[in-house]
Amino acid sequence: MIIDITLRLLVALALGGCIGIEREYRSKEAGFRTHFLVALGSALFCIVSQYGFGIDLKDSSRVAAQVVSGIGFLGAGTIIFQKNVVRGLTTAAGLWVTAAIGLACGTGMYAAAVITTILVILGLEVLIYFVPRIGTTTVELSFTTPCKEKIKDFMIQLKKEKMDIYSYKLKECHNDGQTNYMAALELKMKRRHSHSNLIALLDEFQDVSISAME
């Protein structure tokens, strides 16, 4: 039994870690450590529900069932709603499915756990390139320039490219006798317009340097 339990926990750790590495590669806050801990904890909960209360327990799935609802609290903590933009939904869903993988490992369903892990990584890294990038997305852009008129010209160019400006902030900075203007824009643009298109658009304007883009 010790060998069987150890194998279940090790498989849960490995499969959860695989998803965590993918999230780590994408520079997400919930990365390798978070995902392997979720999978490992879920597997342990499942093992405890099976063997921790003796053979007289009539419903051994009760403890494991609480993982399904309990993981929602952790997932909710990764979702951020800021400036009319929802972020972290994919990470929350990743934690949720990682918990399911951990439960599968805890019950000894290794095949289902491995297949699910492969499908998750396939969906996150491969299938996304075949899905049409339709709809709109929100991009936050900050850049600086010594010429105030270039900001106006750039905003006119954005409208020509059918990129809507949600919000606009302008800050005047003085450094060593030189005046620079920092503009912070929140844009709504087509998903097919990648960040590289926005960078290429900025390259057309001289003396403009990008500070941040999300």
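Keep in mind that the numbers below use all heavy atoms, side chains included, and drop hydrogens, waters and symmetry copies.
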CD-OG1 distance between Glu172 and Thr179, expressed to the nearest 0.5 angstrom: 5.5 Å
Polar side-chain atom of Glu24 near backbone of Phe32 as donor-acceptor pair, under 3.5 Å: yes
Within 6.0 Å of CE in Met109, more than 12 heavy atoms from elsewhere: no
Among Val67, Ile101, Ile71, the one residue meeting side-chain contact (heavy atoms from CB on, under 4.5 Å) with Ser42: Val67
Over all atoms of both residues, closest heavy-atom pair of Gly106 and Ile47: O-CG1, 3.7 Å
4.5 Å side-chain heavy-atom contact, Leu37 and Leu13: no
Pairwise distance CD1(Ile5) to CG(Leu10) - rounded to 0.5 angstrom: 12.0 Å
Candidate pair Arg23 and Leu124, rule side-chain contact (heavy atoms from CB on, under 4.5 Å), full reasoning: CA-CA 9 Å; Arg23 294 283 84 190; Leu124 291 175; 4.1 Å; yes
Check: Thr145 and Asn180 side chains under 4.5 Å, non-hydrogen atoms: no
Derivation of the side-chain contact (heavy atoms from CB on, under 4.5 Å) call for Ile151 and Tyr181: CA-CA 9 Å; Ile151 299 176; Tyr181 299 93; 3.8 Å; yes
Closest contact, heavy atoms only, Gly16 versus Ala39: CA-CB, 3.8 Å
Pairwise distance CD(Glu125) to OH(Tyr25) - rounded to 0.5 angstrom: 6.5 Å
Side chain proximity check, Leu170 to Met182, heavy atoms < 4.5 angstrom: no
From Leu122 atom CG to Thr117 atom OG1, the distance as rounded to the nearest 0.5 Å: 12.0 Å
Worked check of side-chain contact (heavy atoms from CB on, under 4.5 Å) between Trp96 and Val38: CA-CA 9 Å; Trp96 183 63; Val38 168; over 6 Å; no
From Cys105 atom SG to Tyr110 atom OH, the distance as rounded to the nearest 0.5 Å: 7.5 Å
Same cluster (ILVMFWY, side-chain, under 4.5 Å), Phe36 and Ile21: yes
Distance in Å, Leu9 CG paired with Leu40 CG, rounded so as to fall on 0.5 Å steps: 5.5 Å
Passing candidate, side-chain contact (heavy atoms from CB on, under 4.5 Å) with Cys18, options Thr98, Val114, Ile121: Ile121
